[in-house]
There are 2 protein chains.
Amino acid sequence: MPERVDKFAARRAELAAATLRTLAELGYARTSLREIAQNSEFSHGVLHYYFQDKVDLITHCVREYKAVCVTRYDQVVATAATPDELRQGFLDKLAQTLVDEAHMHRLWYDLRNQSMFEESFRADVAAIDASLERMVWRVVSRFAELAGARLQVTPGVMYALFDGLFQQALLRRLAGDPGAADDLRAAVTAVVAQVVVLDREPALG
Amino acid sequence: MPERVDKFAARRAELAAATLRTLAELGYARTSLREIAQNSEFSHGVLHYYFQDKVDLITHCVREYKAVCVTRYDQVVATAATPDELRQGFLDKLAQTLVDEAHMHRLWYDLRNQSMFEESFRADVAAIDASLERMVWRVVSRFAELAGARLQVTPGVMYALFDGLFQQALLRRLAGDPGAADDLRAAVTAVVAQVVVLDREPALG
DNA sequence: CAGGTTTCTTGACGACTGTCAAGACTTTCT
DNA sequence: AGAAAGTCTTGACAGTCGTCAAGAAACCTG
């Protein structure tokens, strides 16, 4: 039994990977099951053997996607010993993933947007969004700790700010703007400078 | 001739309105020409009489959408005489449009996301994004002027921050969260407090 | 090797898509 | 009035879609 279920799970993961590739390439609106199958080594019928229907398939993919994303900066957070080291490491990874995984990021925004229309995605998307928020908060709060500073905004606001900056950078990047990554670094740096305030130095009177 | 072209333009606008209604309701992925026609008083064939194809139709709608959005806060900016008045008026309109026009906003995010996949939308979407950026900047720079304060971020960064906050609020609002609007007001207020700094009072040492 | 189970392919179904041409209806013009 | 131009409907086309059932192929177990 355990071997059977492992093989079954492995196939599911294989097909999920093909689905994610296709979604990242074409977007949700133009991704079909036959196209997904062509991006795998199987035929289109097998998808209904491993997944109940299209929503089940995509939901499963979104959940897998979560695990990958959420740990992106954990290494940096764990090893950085100074605020500068943490900021540099974070900005490096941020700029790198903007460039290297642009297609996956646009997929995430696509699916998050679908959840505004399709009730069925809403719960999973909200859970991932919350995970990303915690991820950002881990980075920023650790930075404040190392810098001996206080944070002037809540985790939710912090995440929204970073997400807005990243999304704008992604739009520019996908439009071919070569300065997108550098500008993102500068923007994040500037915003952090406003929002992270040294102890005993309140921002506004 | 001028009457003819007016009538033609009026029909185009009428069909464009039906298209926007449909897109706001179903999202880009599930909007078909027949569905659009059913939301108008005409049959599906007429769309190809007034528009070249589906992309032409949607592009035209996106351009019309722009004109509506971009002037949302102009009145408030023009009439507000104090920083508090401007902030109150801006926050009121912001919270109101979040609730009243949630469907149109999710459509905008949907189309902006499509531009990450479809080259054909990219130029129009980028133009609208730039207009929105200028709109935000008109509000914020006027606020700084009234308050005798300096802005610590660029227009692009400012817009990205506001957009990120608004998008998170929209997600929560569409998920049924009744506190989304109030939290958006609080978040924007908090961020502005960090980013708008009184003259001769630099933010960080 | 035979028998049964799991896995995968094939082909079909009804429904839906964008597009377009043929023609009917309406309006305008002479 | 009739002719012409503009407007709109209808129905069809070639595709594509998600889904599923029938059966082939591969695999494991006896």
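The chains referred to below are lettered A, B, ... by the order of the sequence lines, with proteins before strands, and numbering in each begins at 1. For the numbers below, each heavy atom of this structure counts, side chains included, while hydrogens, waters and symmetry mates do not.
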Distance, rounded to the nearest Å, where [X] contributes [atom1] and [N] contributes [atom2]:
X	N	atom1	atom2	value
B/E118	C/dG18	CD	P	12 Å
A/I36	D/dG18	CD1	C1'	11 Å
A/D53	D/dC17	CG	P	17 Å
B/L47	C/dT19	CG	P	10 Å
A/L33	D/dC20	CG	C1'	12 Å
B/Q38	C/dC16	CD	C1'	13 Å
B/H44	D/dT9	NE2	P	10 Å
B/R30	D/dC17	CZ	C1'	14 Å

Nucleotide nearest [X] when distance is taken to its side chain, options [options]:
X	options	answer
B/R34	C/dT9, C/dT7, C/dG18	C/dG18
A/Y49	C/dT6, C/dT19, D/dT9	C/dT6
B/Y50	D/dC17, D/dT10, D/dT7	D/dT7
A/F8	C/dG18, C/dT7, D/dG11	C/dT7

**OP:** Can you label the angle between the A/Y28 ring and the A/F121 ring as parallel, tilted or perpendicular, going by 30° and 60°?
**Re:** perpendicular
**OP:** Classify the ring geometry between B/F166 and B/H105 as parallel (under 30°), tilted (30 to 60°) or perpendicular (over 60°).
**Re:** perpendicular
Subject >> Polar side chain donor-acceptor pair, B/Q168 to A/D129, under 3.5 angstrom >> reply: yes
Original post:
Looking only at side chains, do A/S115 and A/R112 share a donor and an acceptor under 3.5 Å apart?
Top reply: no
**OP:** Check each of B/D100, B/V99, B/D92, B/L94 against B/Q96 using the side-chain contact (heavy atoms from CB on, under 4.5 Å) test, and report the only one that passes.
**Re:** B/D100
**OP:** Nearest-nucleotide wise, let me know which of A/E35 and A/Q52 is further upstream toward the 5' end of DNA chain D.
**Re:** A/E35
Subject >> Nearest-nucleotide comparison on DNA chain C, the residue closer to the 5′ end among A/F42 and B/H48 >> reply: A/F42
Original post:
Does B/S32 make a side-chain N or O approach to OP1 or OP2 of C/dC16 shorter than 4.0 Å?
Top reply: no
**OP:** Indicate, with a heavy-atom threshold strictly under 4.0 Å, whether B/T31 touches base, sugar-phosphate, or nothing.
**Re:** sugar-phosphate
